[in-house]
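Everything quoted here is computed from the prediction, not taken from an experiment. When a residue number appears, it is its place in the shown sequence, counting from 1. Indexing begins at 1, ligand by ligand and atom by atom, following the structure's order.
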Amino acid sequence: MLKIVVLVSGGGTNLQAIIDAISNHILDAKIESVIADRECYGLERARLAGIPEYLVDRKVEKQNLCTKVDELISPDCDLIVLAGFLSILDSGFIAAWQGKIINIHPSLLPKFGGSGMWGMNVHRAVVAAGEIKSGCTVHYVVDEIDGGDIILQTEVPVLASDKPEDVQKRVLSVEHSTLVAAIKNLIK
Ligand code: GRF
């Protein structure tokens with residue numbers, strides 16, 4: 001059984017997708033813990049599911065954030081999933097967990113990735129560029145923002161009438177199944 005730690009900063013709908021996939025026996029995995037870098041609903045989702053949850057406040061820990069997060073992760077953890085985690089992991093943390101950290105990003109990488117490309121910034125940029133499609137990408141995390149090998153992508157259309165919020169909703173609607181499918185591929 002795959003031992004997973006999930007890192008969150010927000011609403012945690014991707015975390016919920018993993019929780020549900022495990023309950024429904026779609027994923028043979030266990031979430032060992034959920035770690036957040038700020039108070040967020042993702043922590044509440046962990047509490048409701050009976051999963052150990054920890055807050056490592058980025059404003060308190062600052063430079064120590066990655067060390068504190070690392071201390072909470074058991075050495076036998078198989079996979080660290082960044083599910084809307086907004087802090088940047090340092091190169092020491094990434095090296096220590098090389099090949100075991102994955103992220104979900106709300107665009108078709110390598111398009112609309114990199115520094116500053118998070119949340120609504122991504123969807124605003126997609127609309128401003130007149131893209132006719134967007135989507136999400138699950139990828140390995142390396143020491144370059146959004147730069148690691150791609151595991152799985154799902155496309156969605158972008159309509160001429162779309163506002164960034166419309167693109168965000170459409171992309172989020174495919175993120176959950178994409179993340180679960182990517183983890184399932186890794187289990188295989
Ligand atoms: C998602 O759009 C994800 O791609 C991005 O942050 C958002 C997190 O959403 N990295 P949620 O917290 O899982 O609902």
Side-chain angles (χ1 to χ4, degrees), residues 4-23 26-27 29 31 33-49 51 53-58 65 69 79-89 93-94 101-127 131 133-142 144-158 162-184 186:
I4 302 178
V5 170
V6 184
L7 272 52
V8 295
S9 300
T13 62
N14 281 290
L15 163 67
Q16 190 67 51
I18 304 171
I19 294 171
D20 294 346
I22 293 172
S23 311
I26 292 165
L27 288 179
I31 301 179
S33 62
V34 170
I35 305 172
D37 66 349
R38 66 201 74 196
E39 283 292 354
C40 60
Y41 193 67
L43 282 178
E44 178 66 8
R45 289 182 192 273
R47 256 174 241 136
L48 292 170
I51 300 166
E53 33 86 19
Y54 305 97
L55 171 64
V56 181
D57 193 322
R58 71 197 197 288
L65 181 99
V69 169
L79 187 67
I80 299 171
V81 180
L82 310 187
F85 188 66
L86 291 176
S87 291
I88 303 294
L89 297 170
F93 184 95
I94 291 170
I101 316 173
I102 64 170
N103 178 47
I104 181 149
H105 183 82
S107 77
L108 296 173
L109 291 175
K111 284 189 153 188
F112 306 102
S115 185
M117 280 294 160
W118 57 275
M120 285 306 292
N121 294 349
V122 175
H123 307 298
R124 275 188 216 107
V126 166
V127 169
E131 296 289 313
K133 63 181 184 183
S134 188
C136 66
T137 304
V138 179
H139 64 95
Y140 285 104
V141 172
V142 295
E144 175 199 347
I145 299 173
D146 299 324
D149 285 351
I150 290 170
I151 300 166
L152 199 59
Q153 288 187 314
T154 304
E155 290 182 12
V156 297
V158 175
D162 274 349
K163 296 189 171 56
E165 291 75 13
D166 302 315
V167 180
Q168 180 195 32
K169 277 194 201 113
R170 205 170 300 122
V171 169
L172 191 61
S173 74
V174 296
E175 283 189 37
H176 305 148
S177 56
T178 306
L179 182 57
V180 169
I183 296 172
K184 204 171 167 63
L186 296 179

task: Apply salt bridge (Lys or Arg N to Asp or Glu O under 4.0 Å) to the pair Glu53 and Arg45, showing each step before the final yes or no.
output: CA-CA 9 Å; Glu53 33 86 19; Arg45 289 182 192 273; over 6 Å; no
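For the side-chain contact (heavy atoms from CB on, under 4.5 Å) with Lys133, the lone residue among Val156, Val167, Leu108 that qualifies is Leu108.
Neither the backbone nor the side chain of Gln168 has a heavy atom within less than 4.0 Å of ligand 1.
Residue contact check: Glu175 has heavy atoms under 4.0 Å from atoms 1 (C), 2 (O), 3 (C), 4 (O) of ligand 1. Listed by number with element, the atoms of ligand 1 under 4.0 angstrom from any heavy atom of Gly11 are 12 (O).
Taking only nitrogen or oxygen atoms, main chain and side chain alike, Gly10 does not reach within less than 3.5 Å of ligand 1. For ligand 1, the polar-atom distance check finds no N/O of Asn103 at less than 3.5 Å from any of the ligand's N/O atoms.
Listed for the Arg58 side chain is no donor-acceptor partner under 3.5 Å among the backbone atoms of Ala36. The backbone N or O of Phe112 sits less than 3.5 Å from a side-chain atom of His105, completing a donor-acceptor pair. Panel note: side chain Ser9, backbone Asp37; no donor-acceptor pair is recorded below 3.5 Å. The closest donor-acceptor contact from the side chain of Ser107 to the backbone of Val122 lies at 3.5 Å or more, if one exists at all.
At least one heavy atom of Gly12 sits less than 4.0 Å from an atom of ligand 1.
In the model, Thr13 has a side-chain atom that pairs as donor or acceptor with a side-chain atom of His176 under 3.5 Å.
Comparing heavy-atom distances from atom 14 (O) of ligand 1 across Val122, Val6, Thr13 singles out Thr13 as nearest. Around atom 8 (C) of ligand 1, the closest heavy atom drawn from Pro106, Gly84, Gly119 belongs to Gly84.
Considering only non-hydrogen protein atoms, atom 9 (O) of ligand 1 sits nearest to Asn14 ND2, 3.8 Å. Looking only at heavy atoms of the protein, atom 10 (N) of ligand 1 is closest to Ile104 O, 2.9 Å.
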